J.: 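Encoded as structure tokens, here's the structure I'll be asking about.
Convention: sequence-line order gives letters A, B, ...; per-chain numbering from 1. Here the structure is a predicted model, which is why all the values come from computation and not from measurement. These numbers come from the heavy atoms of this one structure, side chains and all, not from hydrogens, waters or symmetry mates.
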Protein chains: 2
Amino acid sequence: MSRLKTTHDVFSAIGEPKRRLLIEQLVIKEMTVNELVDIFDWSQPTVSKHLGVLKKVKIVSERKEGRFRYYRIQPDELRPIQEWMHQFEKYWGSTMDQLDNYLNQIQVKGIDSEH
Amino acid sequence: MSRLKTTHDVFSAIGEPKRRLLIEQLVIKEMTVNELVDIFDWSQPTVSKHLGVLKKVKIVSERKEGRFRYYRIQPDELRPIQEWMHQFEKYWGSTMDQLDNYLNQIQVKGIDSEH
DNA sequence: TTGACATATTCCGATATAGGAATATGATAG
DNA sequence: CTATCATATTCCTATATCGGAATATGTCAA
């Protein structure tokens, strides 16, 4: 009766803490499953399964090399999150806003100095 | 045997599509439960429950006025997400990066003009 | 070719979650 | 004070999710 979503989207994929940790590692450089197992001290199936979720939503891609599989981040897939966050930036005076303000100041100065 | 997290954090809270929609409305202006019910055409308990989750993680706050309850966004609570996203910005050339580059240019110019 | 290695997959049990329906709570109007 | 309105809460069911354990798959090395 209750209709629940089956496919993970990017937002729910990063809802899982372990997956965020995996992402934080893979954004540094591509790594194999066992390297991640060693770093986090999780079971190999746990790592593989979470990578599977991230792969399904395209946050990571896979490169096979012999019996190893190197996983890496695909940052573009995370842009929807960044774009969604935009709506809040005006409230908290983000770095972007600060730069934006700075930019406006510069422009005003520029216009002034033309007179 | 399996230890799963019980408390929602901000990241998992925005993993739910309906909750993101609620947030998108409430960021515009504070609203009551029934206003949200009318906008989305969801059941009242559905709206109240999702607001409950958002309230628990402090993404929204509640203001009681008679029998109404006005909900509003607390943008600061979403900053951890924005900050977490920072690690990817260098890859996709965000607006912030563009402004940052611009800022660097300006600074260089400024230093130059001092000589 | 066979054994060891790297990784994926399957099966299972415990818990979490979303939504519906019904009901409870609390406040106001009349 | 009582009926109604606004909202929360409880109970239930279906499904999703995570992790462990065991096993399957595929590849290399000796």
Side-chain angles (χ1 to χ4, degrees), chain A residues 1-23 25-26 29-73, chain B residues 1-23 25-26 29-73:
Chain A
M1 226 147 266
S2 33
R3 193 101 283 261
L4 301 180
K5 80 179 171 346
T6 300
T7 48
H8 309 246
D9 67 344
V10 174
F11 286 90
S12 66
I14 69 157
E16 224 287 333
K18 283 193 170 72
R19 284 198 286 267
R20 287 200 299 281
L21 291 171
L22 287 172
I23 290 169
Q25 279 301 314
L26 294 177
K29 64 178 179 69
E30 65 174 10
M31 297 182 81
T32 66
V33 175
N34 269 343
E35 285 178 301
L36 293 164
V37 166
D38 289 345
I39 288 175
F40 292 114
D41 202 36
W42 303 333
S43 78
Q44 175 263 312
T46 290
V47 172
S48 282
K49 285 173 195 167
H50 282 305
L51 287 174
V53 174
L54 294 175
K55 195 171 59 175
K56 187 183 292 183
V57 301
K58 313 271 186 63
I59 293 178
V60 304
S61 61
E62 193 194 39
R63 178 172 71 82
K64 292 180 190 168
E65 188 174 318
R67 30 182 178 172
F68 302 91
R69 301 201 187 182
Y70 286 90
Y71 287 90
R72 74 162 71 219
I73 294 290
Chain B
M1 227 150 261
S2 32
R3 193 100 285 261
L4 300 180
K5 80 182 171 343
T6 300
T7 48
H8 308 247
D9 66 346
V10 174
F11 286 89
S12 65
I14 68 157
E16 223 288 332
K18 283 194 170 71
R19 284 198 287 266
R20 286 200 299 281
L21 291 171
L22 287 172
I23 290 170
Q25 279 301 314
L26 294 176
K29 64 178 181 64
E30 67 174 10
M31 297 182 80
T32 66
V33 176
N34 270 344
E35 286 177 302
L36 293 165
V37 166
D38 289 344
I39 288 175
F40 292 115
D41 201 37
W42 304 333
S43 79
Q44 176 264 310
T46 290
V47 172
S48 282
K49 284 173 195 168
H50 282 304
L51 287 173
V53 173
L54 294 175
K55 195 171 59 176
K56 186 183 293 183
V57 300
K58 313 269 186 60
I59 293 178
V60 304
S61 61
E62 195 194 35
R63 178 173 72 81
K64 291 179 191 169
E65 186 175 319
R67 33 183 176 172
F68 301 91
R69 302 203 187 180
Y70 286 89
Y71 287 90
R72 73 163 70 219
I73 293 292

J.: So which one's nearest nucleotide on DNA chain D is more toward 5', A/K49 or B/V47?
T.: B/V47

J.: Take atom CG of A/L22 and atom P of C/dT7, then tell me their distance rounded to the nearest Å.
T.: 13 Å

J.: Nearest whole Å is fine: how far is C/dA8 C1' from A/E62 CD?
T.: 10 Å

J.: May I have the distance from B/R63 (atom CZ) to D/dT7 (atom C1'), rounded to whole angstrom?
T.: 15 Å

J.: Taking the six-membered ring for Trp, are A/W42 and A/F40 parallel (under 30°), tilted (30 to 60°) or perpendicular (over 60°)?
T.: parallel

J.: Which of these nucleotides, C/dA18, D/dC18, D/dT7, is closest to any side-chain atom of B/H50?
T.: C/dA18

J.: Dump the intermediate steps for side chain to side chain contact (heavy atoms under 4.5 Å, CB included) on B/K49 and B/V53, then the final yes or no.
T.: CA-CA 6 Å; B/K49 284 173 195 168; B/V53 173; over 6 Å; no

J.: Please list residues of residues 30-43 of chain A whose heavy atoms come under 4.0 Å from any atom in DNA chain C, ordered by number; otherwise none.
T.: A/T32, A/V33, A/N34

J.: If the sugar-phosphate is the primed atoms plus P, OP1 and OP2 and the base is the rest, what is the B/S/- string for nucleotides 23-30 of chain D, using protein heavy atoms under 4.0 Å?
T.: ----BSS-

J.: Would you kindly give the CG-to-P distance between A/L54 and D/dT17, to the nearest whole Å?
T.: 13 Å

J.: In whole angstrom, give the distance that lies between atom CZ of A/F68 and atom C1' of C/dA4.
T.: 12 Å

J.: I need the CZ-P distance between B/R20 and C/dA18, as an integer number of Å.
T.: 12 Å

J.: Side-chain N or O of B/T46 versus OP1/OP2 of C/dG20: is the shortest distance under 4.0 Å?
T.: yes

J.: Indicate, with a heavy-atom threshold strictly under 4.0 Å, whether A/Y70 touches base, sugar-phosphate, or nothing.
T.: nothing

